[in-house]
Protein chains: 2
Amino acid sequence: MERRRKVPNPLALAVLAWLLWEPMHPYELGRRLKQSGQDRQIHYTRSSLYMVMEQLTRAGFVAPQETVRDSARPERTVYAITDEGRHEVHDWLRTLLAQPRQEYPHFAVALSLLSLLPPDEAVEVLRRRSAALAGQIEETRTTVAEARADGLAWIYLVEEEYTIALLEAERRFVADLIESLKQPDYARSWQETMGDRT
Amino acid sequence: MERRRKVPNPLALAVLAWLLWEPMHPYELGRRLKQSGQDRQIHYTRSSLYMVMEQLTRAGFVAPQETVRDSARPERTVYAITDEGRHEVHDWLRTLLAQPRQEYPHFAVALSLLSLLPPDEAVEVLRRRSAALAGQIEETRTTVAEARADGLAWIYLVEEEYTIALLEAERRFVADLIESLKQPDYARSWQETMGDRT
DNA sequence: GGGGTCATGTAATAGGTTACATGATTCT
DNA sequence: AGAATCATGTAACCTATTACATGACCCC
């Protein structure tokens with residue numbers, strides 16, 4: 001049902017999208033990703049840029065256009081998007097938007113093991129999380145406000161709004177969870193079930 | 001500040017947690033993970049179980065205890081957790097709970113490129129997402145209700161509640177976004193900026 | 001003009017996924 | 001008994017990350 005993308009790494013999508021605009025070499029791509037703030041949504045390293053360019057080339061989504069040797073810097077290969085590449089961006093983007101895919105946040109794994117910690121310890125660490133979340137929310141809000149003050153339209157900040165929405169939901173969840181863990185019946189039943197451990 | 005874990009894969013945490021209970025061989029681990037529903041929070045394949053066992057062994061968190069050859073099945077190696085392993089579980093779990101880590105949901109990447117789609121197309125795909133989200137929420141609720149009917153305590157379902165909280169936040173976000181995209185000024189400004197493309 | 005640090009890329013290594021293998025067991 | 005499927009593991013292959021390399025520019 002979900003046929004595999006030839007280059008599934010999301011970095012590849014961003015790269016293709018930039019090449020829609022104009023041909024570029026990998027290092028330049030990196031600069032744009034950083035400047036546009038997309039590095040906050042995409043996990044990558046400089047090396048992975050070279051890797052995906054290679055993969056995209058093999059897949060036929062981009063093609064090396066020319067190799068510039070500007071006689072100082074190392075040789076830079078400039079890549080251009082192909083027609084298949086253009087098709088891939090459009091199709092992939094639609095799919096990504098239309099179909100939620102199972103994500104695996106680390107916090108969920110930790111939650112599934114929460115019963116291992118004594119109740120008061122659990123409350124303590126979750127309080128720390130809550131504070132950290134508040135900080136991240138604040139930070140993201142600031143980023144958005146600054147960009148907007150610079151005249152950037154809301155549509156180019158929508159991914160940050162999404163981030164904020166998720167962070168706030170998590171903060172509320174954690175607050176509720178802390179309350180539940182503080183109930184004396186929880187402490188009691190935890191003692192009963194987990195009391196017998198070294 | 002954040003020293004790297006020797007075995008950063010979250011599957012390793014779940015494995016260690018199960019071994020706290022009793023020594024096991026990898027295949028058995030797989031069965032437990034599936035039966036306990038942790039496979040909904042952790043991304044892994046059967047092979048990666050063998051891999052992490054190897055990594056955990058190298059790291060000194062587990063040790064092969066005995067190799068059972070029950071003269072029918074292939075040889076199975078039973079692993080036991082070590083003291084360092086016990087320490088690692090506890091420390092890792094606390095860290096994971098206390099410190100939010102940057103996650104990279106695919107949807108955020110797609111959102112950052114939303115401006116590439118014509119407004120009506122964007123609305124259409126987001127509506128499909130919204131419906132899919134509603135389905136997932138419903139499904140998760142059912143899972144929780146069934147488990148609870150079986151007598152499972154809330155603390156063992158807390159990760160599912162978290163999933164639900166995130167899904168609902170996303171659904172609300174998408175609903176709002178759709179409304180924004182339907183505004184006629186958005187269609188107008190999209191035409192102006194993006195009208196000039198093939 | 002030697003010490004950072006940009007700019008740019010390659011190579012080595014570790015991690016993870018897919019494909020393959022093989023002897024039970026169970027079904028019809 | 002042959003087909004399907006379970007139980008279990010290994011090997012081959014990609015992917016991604018870390019480490020290494022190298023020439024310019026820039027700063028006192």
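In the text below, chain A, chain B and the rest are named by the order of the sequence lines, each starting its count at 1.
- Two different hydrophobic clusters hold A/L133 and B/Y104 under the rule that ILVMFWY side chains link at heavy-atom gaps under 4.5 Å.
- A/R128 contributes no side-chain N or O that, together with a main-chain N or O of B/T95, makes up a donor-acceptor pair within less than 3.5 Å.
- To the nearest angstrom, C1' of C/dG16 lies 14 Å from OH of A/Y104.
- What separates CG of B/L49 from P of C/dG15 is a distance of 16 Å, to the nearest Å.
- Side-chain contact, A/Q41 with B/H106: no donor N or O sits under 3.5 Å from an acceptor N or O.
- Both B/Y44 and A/S47 lie close to DNA chain C; mapped to their nearest nucleotides by heavy-atom distance, the more 5′-ward contact belongs to A/S47.
- Within the structure, every side-chain polar atom (N or O) of B/R31 is placed at least 4.0 Å from both OP1 and OP2 of D/dC6.
- Rounded to whole angstrom, the span from the CZ atom of B/R4 across to the P atom of C/dA14 amounts to 17 Å.
- Counting only N and O atoms by type, the side chains of A/T140 and A/R40 include no donor and acceptor under 3.5 Å apart.
- Between A/N9 and D/dA16 there is a side-chain polar atom (N or O) within less than 4.0 angstrom of OP1 or OP2.
- An OP1 or OP2 oxygen of C/dA19 is reached within less than 4.0 angstrom by no side-chain nitrogen or oxygen of B/R46.
- For the pair B/Q55 CD and C/dG15 C1', the interatomic distance rounds to 7 Å; values are reported in whole Å.
- Note on A/H43: a side-chain N or O is less than 4.0 Å away from OP1 or OP2 of D/dT17.
- Below the 3.5 angstrom threshold, one finds no donor paired with an acceptor across the side chain of A/R76 and the base of C/dG9.
- The nearest whole Å value for the distance from the CZ atom in B/R5 to the C1' atom in C/dG15 is 18 Å.
- When the P atom of D/dA16 is taken as reference, atom CE of A/M53 falls 15 Å away, rounded to whole Å.
- Atom-to-atom, OH of A/Y50 to C1' of D/dC14 comes out at 21 Å; the value is rounded to the nearest Å.
- For B/Y27 and D/dT5, the OH to C1' distance is 10 Å, given to the nearest whole Å.
- Side-chain N or O atoms of B/S48 include none that pairs as donor or acceptor with a backbone N or O of B/M51 at under 3.5 Å.
- Of the candidate nucleotides D/dT18, C/dG15, D/dT15, D/dT15 has the atom lying nearest to any side-chain atom of A/M51.
- In this structure, the nucleotide among D/dT8, D/dT15, D/dA16 sitting nearest to the side chain of B/H25 is D/dT8.
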